[in-house]
Trainee: 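Just passing along the structure, written as structure tokens.
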Amino acid sequence: MRIMMADQGQEWKEILMDFADWTKGDLKASCVFGQLPKFEDGGLVLYQSNAILRHLGRNHDAYGKDGKEAARIDMMCDGVEDLRLKYGKMIYQEYDTGKDQYIKDLPNHLDKFEAVMAKNKTGFLVGDKPSFADYSLFEVLLNHLVLCSSCLDTSPSLKSFVEKMSARPKIKAFLGSDAYKKLPINGNGKQ
Ligand SMILES: N[C@@H](CCC(=O)N[C@@H](CS)C(=O)NCC(=O)O)C(=O)O
């Protein structure tokens, strides 16, 4: 979300929740699913990261040029979410016992995105400009590069995608900012 808003030139105000405050429970009780992030846009209050991404996609013309592209963007976003969940399970539940096997299995998961990216030939998953699924994939790949810096060596289209996204001026500025650098990748400090 942050990367997408930065690239689309949308300013945002962020309130970071301290874990001690969160455990008091008041905010949790007010969240629709008892979890963050919470996103407010005017009178609209949203939860669920991918719903927020879709909202941003609609607002910033980053949801395909027609219904068919939108459907394929949804599919790619759900595919990214599957990978994000596998990564999260390893990070939060199996880091010490499962990290090596996760890295070994990673090419099987990344291959799917590599194939779509290579076939589209525009440098994006769908269409010829970044959609919310591209921002989601980009963020997941950045995190995987921290986990294993060589993980894209056998995925040339994904490697080029990450390089080009990282070089987009507003993304480059955001990734270089203190606001971004001080954020932990994962809440448990593992990466
Ligand atoms: N499917 C949700 C998952 C949200 C989620 O896992 N939130 C975590 C932080 S990233 C949370 O609020 N954890 C605290 C809790 O469950 O009490 C989304 O994508 O937004």
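This chain uses plain numbering: 1 for the first residue, then up along the sequence. Order of listing sets the numbers, starting from 1, for every ligand and every atom in it.
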Trainee: Do any nitrogen or oxygen atoms of K28 lie less than 3.5 angstrom from nitrogen or oxygen atoms of ligand 1?
Mentor: yes

Trainee: Looking at P37, which atoms of ligand 1 are within less than 4.0 Å of one of its heavy atoms?
Mentor: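 Matching atoms, with element in brackets: 20 (O).
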
Trainee: Can you tell me the protein heavy atom closest to atom 14 (C) of ligand 1 and the distance?
Mentor: W22 NE1, 3.4 Å

Trainee: When you measure from atom 10 (S) of ligand 1 to every protein heavy atom, which one gives the shortest distance, and what is it?
Mentor: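 Looking at atom 10 (S) of ligand 1, the protein heavy atom closest to it is L36 O, 4.2 Å.
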
Trainee: Using modelled atom types and a 3.5 Å cut-off, is there a donor and acceptor pairing between side-chain atoms of S157 and backbone atoms of M117?
Mentor: no

Trainee: Given F132 and C77, is the side-chain contact (heavy atoms from CB on, under 4.5 Å) satisfied, shown in steps?
Mentor: CA-CA 8 Å; F132 66 87; C77 178; 3.6 Å; yes

Trainee: With backbone taken as N, CA, C and O and side chain as the heavy atoms from C-beta onward, which portion of Y47 lies under 4.0 Å from ligand 1: side chain, backbone, both, or neither?
Mentor: neither

Trainee: Whether D105 and K99 form a salt bridge (side-chain N of Lys/Arg under 4.0 Å from carboxylate O of Asp/Glu) is what I want to check.
Mentor: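 Looking at D105 together with K99, the answer is no, because their closest N to O distance does not fall below 4.0 Å.
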
Trainee: Which residue and atom name correspond to the protein heavy atom nearest atom 19 (O) of ligand 1, and how close is it?
Mentor: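 For atom 19 (O) of ligand 1, the nearest protein heavy atom comes out as S49 OG, 3.0 Å.
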
Trainee: Are L152 and V162 side-chain neighbours, meaning at least one heavy-atom pair lies under 4.5 Å?
Mentor: yes

Trainee: Return the closest protein heavy atom for atom 2 (C) of ligand 1 as residue, atom name and distance.
Mentor: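 Minimum-distance protein heavy atom for atom 2 (C) of ligand 1 reads Q48 OE1, 3.0 Å.
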
Trainee: Which protein heavy atom lies closest to atom 11 (C) of ligand 1, and at what distance to 0.1 Å?
Mentor: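 Going atom by atom, the protein heavy atom closest to atom 11 (C) of ligand 1 ends up being Q35 NE2, 3.8 Å.
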
Trainee: Have a look at F174 and tell me which of W12, Y135, F138 forms a ring-ring contact (aromatic ring centres under 6.0 Å, His included) with it.
Mentor: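 The option that passes is W12.
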
Trainee: Is a side-chain N or O of K129 found less than 3.5 angstrom from the main chain of D61, in a donor-acceptor match?
Mentor: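 Yes; at least one donor-acceptor contact below 3.5 Å.
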
